[in-house]
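This chain uses plain numbering: 1 for the first residue, then up along the sequence.
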Amino acid sequence: LFVLISFGIQCCIYIVIAFRFVEGVMQIDITAYYFAAGVGSPTVVVQHGNNCNNRDNTVITAAFFLHSMGFNVIAPNLRNHGDSGQTGRITWGQEETFDTFGAWDYVVTDPEGKIGFAQRPEKTALMGFSMGGLISRVAFALEPRIPALVTDCAHWNARNVLEWSINQKYPGLGGVFLPSAWFWAEHMTGHDLDRLIPEKLFQREEDRRLLANIHATSDDTVPIEQSQDFIAYIKDTDFQVLREWYVKLYGDDCEIHSRLHLQYPEKY
């Protein structure tokens, strides 16, 4: 109801889409909201993070801002999130990337005619938060037709974030516990979690697509070092970084993660 009131009932479409099929990835139905701005307007796929859904304040706020600027927006639920299909495991992009692809494919093909037109690939960009930013980076790297990517408090390397998280709870022991923690993470997901990671997939030469990056310097879930590593890597490539924004986020009882849109809405 909040979603419909925020955007107006007539511009909001609830759809069920299929993920982009690849061998070895469980087939699943993905749900999404589509917010229509118009046939001639560009489109952004806005991807939520872990343990939330497309009704999360990150997605709704970003979608509202983008829609008010004249963008169409599609906001999919990843598998195991919201009312999308369930598989019982989160794989940190090894499977979820193809859910984001499914939303992108749906926009550029309009297979059921619900949107009203097939968007041109070069006018369909990505935006991702936290784990959704990691997933969007993998999708962006794998699909050269995606023209641009915006990431907010996103992971660059999940293994490094896990080690950092262990050190936060057990100072100095991250390197000790990481190998066993990573082993069990891969065992439970059934995937090599180092297979689809951005730093292996981003091309260093002859890719001049557009990037923008946002991160709270005080983030307590995905440390700012993730963005620092991302920018350090990108500086040695041909990608064009159009915007960077890093600022301290203040919090009391709430987590200090993916909240810049709430503390600095006008700047955002």
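S84 contributes a side-chain N or O that, together with a main-chain N or O of N77, makes up a donor-acceptor pair within less than 3.5 Å. Within the 3.5 Å criterion, the main-chain N or O of W156 finds no donor-acceptor partner in the side chain of Y233. In terms of modelled atom types and a separation under 3.5 Å, the side chain of H48 and the main chain of L78 share a donor-acceptor contact. Formation of a donor-acceptor pair under 3.5 Å by the N167 side chain with backbone atoms of G174 is found in this model. Remark: the backbone N or O of T91 is paired with a side-chain donor or acceptor of E96 at under 3.5 angstrom. A donor-acceptor pair is defined here as one N or O able to donate and one able to accept, closer than 3.5 Å; no such pair exists between the side chain of R137 and the backbone of I135. No donor-acceptor distance shorter than 3.5 angstrom exists from the side chain of D192 to the backbone of E186, with no hydrogens or angles considered. The closest donor-acceptor contact from the side chain of R208 to the backbone of D238 lies at 3.5 Å or more, if one exists at all. A donor-acceptor pair under 3.5 Å links the side-chain atoms of Q119 to the main chain of S41, judged by distance alone. Checking side-chain atoms of S68 against main-chain N and O of F65 turns up a donor-acceptor pair under 3.5 Å.
Considering only heavy atoms from C-beta on, Y106 comes within 4.5 Å of I115 through its side chain. Using a 4.5 Å heavy-atom threshold, the side chains of N50 and W92 count as touching. Put simply, the side chain of L149 reaches to within 4.5 Å of the side chain of L126, judged on heavy atoms. R159 has its side chain out of reach of I197: every pair of non-hydrogen atoms, C-beta onward, lies at least 4.5 Å apart. In this structure the side chain of T237 never reaches within 4.5 angstrom of the side chain of F202, judged on heavy atoms. The shortest distance between side-chain heavy atoms of Y246 and N213 falls below 4.5 Å. Using a 4.5 Å heavy-atom threshold, the side chains of F98 and L196 count as touching. The closest side-chain heavy-atom distance from T189 to E95 is not below 4.5 Å.
The nearest pair of heavy atoms linking T124 to I146 is O-CG2, 3.9 Å. Listed here is the closest heavy atom pair of V138 and P198: CG2-CD, 4.0 Å. Here the closest non-hydrogen pair linking F140 and P147 is CE1-C, 4.1 Å. Taking every heavy atom of both residues into account, Q226 and N157 meet most closely at OE1-N, 2.7 Å. F117 and G38 get closest at one heavy-atom pair: CZ-O, 3.8 Å. Here the shortest heavy-atom pairing between V46 and P76 reads O-CD, 3.4 Å.
Side-chain atoms of Q263 and Y268 include no donor-acceptor pair closer than 3.5 Å. When only modelled atom types and interatomic distance are considered, N80 and T87 share a side-chain donor-acceptor pair under 3.5 Å. Side-chain atoms of Q47 and S136 form no donor-acceptor pair, as typed in the model, at a separation below 3.5 Å.
Here the straight-line distance linking atom OG1 of T58 with atom CG of D152 works out to 8.0 Å at 0.5 Å rounding. Note that CZ of R209 and CD of Q240 are 11.5 Å apart. Values are rounded to the nearest 0.5 Å. Atom CD1 of I28 and atom CZ of R79 lie 5.5 Å apart (nearest 0.5 Å). Summarising the geometry, atom CG belonging to D29 is positioned 10.5 Å from atom CG belonging to D99; distances are rounded to the nearest 0.5 Å. Taken to the nearest 0.5 Å, the NE2 atom of H67 stands 11.5 Å off from the CD1 atom of I60. The line from CE of M131 to NE2 of H155 is 8.0 Å long, rounded to the nearest 0.5 Å.
Around atom NZ of K248, no more than 12 heavy atoms belonging to other residues, nucleotides or ligands sit under 6.0 Å away. Within 6.0 Å of atom CD in E199, more than 12 heavy atoms from other residues, nucleotides or ligands are found, so the atom counts as buried in its surroundings. Other residues, nucleotides and ligands place more than 12 heavy atoms under 6.0 Å from the CD atom of E112. The environment of K200 atom NZ is dense: over 12 non-hydrogen atoms of other residues, nucleotides or ligands sit within 6.0 angstrom. Residue E205 places its CD atom among 12 or fewer non-hydrogen atoms of other residues, nucleotides or ligands, all under 6.0 Å distant.
Residues I166 and F183 do not share a hydrophobic cluster, clusters being chains of Ile/Leu/Val/Met/Phe/Trp/Tyr side chains in contact below 4.5 Å. Cluster annotation: F71 and V59 are assigned to the same hydrophobic cluster (Ile/Leu/Val/Met/Phe/Trp/Tyr, side-chain heavy-atom contacts under 4.5 Å, transitive). Residues L262 and M127 do not share a hydrophobic cluster, defined by chaining ILVMFWY side chains whose heavy atoms lie under 4.5 Å apart. Tracing side-chain contacts under 4.5 Å through hydrophobic residues (I, L, V, M, F, W, Y), one reaches F64 starting from I214; they form part of the same cluster. A continuous path of hydrophobic side-chain contacts links F35 to V150 [ILVMFWY only; heavy atoms under 4.5 Å].
Salt bridge R55/D83: present, at least one basic N to carboxylate O contact under 4.0 Å.
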Would E244 and I231 count as a side-chain contact (heavy atoms from CB on, under 4.5 Å) if you check the C-alpha gap in whole Å, the side-chain angles of each, and the deciding distance to 0.1 Å?
CA-CA 9 Å; E244 294 180 69; I231 293 300; 3.4 Å; yes
Residue pair L211, F230: steps toward the side-chain contact (heavy atoms from CB on, under 4.5 Å) verdict:
CA-CA 11 Å; L211 298 169; F230 166 65; 4.1 Å; yes
Quick one: do L201 and L142 satisfy side-chain contact (heavy atoms from CB on, under 4.5 Å)? Show the steps, please.
CA-CA 7 Å; L201 301 173; L142 290 175; 4.1 Å; yes
Go through the steps for Y34 and K114 under the test side-chain contact (heavy atoms from CB on, under 4.5 Å), then give the verdict.
CA-CA 10 Å; Y34 181 83; K114 290 184 177 181; over 6 Å; no
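Using the six-membered ring where Trp is involved, Y170 and F177 have ring planes that are perpendicular, over 60° apart on the 30 and 60° scheme.
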